[in-house]
Visitor: 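Following this message is one structure expressed as structure tokens.
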Amino acid sequence: MLTPITNFTPGIALGGGLLIGAGAVLLMAGLGRIAGISGMVHGLFSAESGRGWRASFLIGLVAGAGVYVALWPGDIPVRHGFPPWLLILAGLLVGAGTRLGSGCTSGHGVCGIARRSKRSLTATAVFMACGIITAIILRHGLGVSS
């Protein structure tokens, strides 16, 4: 049985997509860097140079979401009912997947596809397929839903 889309917010999705794209373009134009979030986080904790711009970008990313929630509380529904062990496992698997794929959705999906990278197109197809399979297993196999 299919679950109806009850929280479809095309205006918010479009606005978020435009902001993500604008951030990626500004980072590429300003510093010549690709906006891959997993690479930025990895760079913060390694001996690589450029910790300042990485920290600034990540703080801006989180702060932007915080400002939106503060200005429009309740506009984005908070999901409840996920077991903590499952959230921790999911976070670890996402981290492992980004290391195996040499990037995440932002780096491959937004920047890589925009640059016509075949590797990024393949990576995006693989993690989209994995996401769909995971959602089906969680909702229909384990009964976890929001």
Side-chain angles (χ1 to χ4, degrees), residues 1-24 26-28 31 33-115 117 119-146:
M1 180 169 118
L2 293 176
T3 303
I5 298 174
T6 56
N7 298 324
F8 182 59
T9 54
I12 294 172
L14 179 62
L18 289 172
L19 289 173
I20 290 170
L26 288 173
L27 187 63
M28 178 62 81
L31 297 176
R33 305 298 302 228
I34 293 174
I37 305 305
S38 61
M40 284 185 204
V41 172
H42 180 261
L44 276 179
F45 299 104
S46 68
E48 293 181 32
S49 63
R51 286 185 176 150
W53 71 264
R54 288 182 172 94
S56 299
F57 193 94
L58 294 171
I59 289 169
L61 192 71
V62 174
V67 167
Y68 184 88
V69 170
L71 291 175
W72 294 281
D75 205 20
I76 299 175
V78 178
R79 296 180 175 196
H80 299 281
F82 291 100
W85 68 267
L86 193 57
L87 293 174
I88 293 169
L89 178 64
L92 292 173
L93 288 173
V94 168
T98 58
R99 292 305 299 162
L100 285 173
S102 299
C104 60
T105 53
S106 58
H108 283 302
V110 176
C111 299
I113 289 178
R115 296 171 59 227
S117 165
R119 185 176 75 117
S120 291
L121 181 61
T122 302
T124 303
V126 168
F127 57 64
M128 288 298 292
C130 290
I132 291 168
I133 292 168
T134 301
I136 290 170
I137 291 171
L138 287 176
R139 286 182 178 252
H140 303 290
L142 299 177
V144 176
S145 64
S146 57

Visitor: If you round to the nearest 0.5 Å, how far is CZ of Arg119 from OG1 of Thr124?
Guide: 10.5 Å

Visitor: Atom CG in Leu26, atom CG in Leu19: separation rounded to 0.5 Å?
Guide: 10.5 Å

Visitor: Among pairs that include at least one residue of residues 86-98, which meet salt bridge (Lys or Arg N to Asp or Glu O under 4.0 Å), considering only residues two or more places apart or in two chains?
Guide: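 Listed once each, the pairs would be none.
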
Visitor: Which atom pair, heavy atoms only, marks the closest approach of Cys111 to Ala35?
Guide: SG-N, 3.6 Å

Visitor: For residues 54-73, which residue pairs qualify under ring-ring contact (aromatic ring centres under 6.0 Å, His included), counting only residues two or more places apart or in two chains?
Guide: Tyr68-Trp72

Visitor: Mind checking side-chain contact (heavy atoms from CB on, under 4.5 Å) for Met28 and listing every partner two or more places apart, or none if nothing turns up?
Guide: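 Expected list: Ile34, Arg115.
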
Visitor: According to side chain to side chain donor-acceptor pair (under 3.5 Å), who are the partners of Arg33, at least two apart in sequence or on a separate chain?
Guide: none

Visitor: Report the residues that fulfil side-chain contact (heavy atoms from CB on, under 4.5 Å) with Ile136, sequence neighbours left out, ordered by chain and then residue number.
Guide: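 So Ile136 forms a side-chain contact (heavy atoms from CB on, under 4.5 Å) with Ile132, His140.
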
Visitor: Please tabulate, for side-chain N and O atoms in residues 84-101, each donor-acceptor pair with protein atoms closer than 3.5 Å (sequence neighbours left out).
Guide:
residue	atom	partner	partner atom	Å
Thr98	OG1	Val94	O	3.3
Thr98	OG1	Gly95	O	2.8

Visitor: Please identify each residue that fulfils side chain to side chain donor-acceptor pair (under 3.5 Å) with Ser120, with sequence neighbours left out.
Guide: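 By the side chain to side chain donor-acceptor pair (under 3.5 Å) rule, Ser120 matches His108, Ser117.
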
Visitor: Filter on salt bridge (Lys or Arg N to Asp or Glu O under 4.0 Å), then keep only pairs touching residues 49-74, sequence neighbours left out; what's left?
Guide: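 As it turns out, the salt bridge (Lys or Arg N to Asp or Glu O under 4.0 Å) pairs with a partner in residues 49-74, which skip direct neighbours, are Glu48-Arg54.
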
Visitor: I'd like to check Leu27 versus Met40 (side-chain heavy atoms, cut-off strictly below 4.5 Å). Are they in contact?
Guide: yes

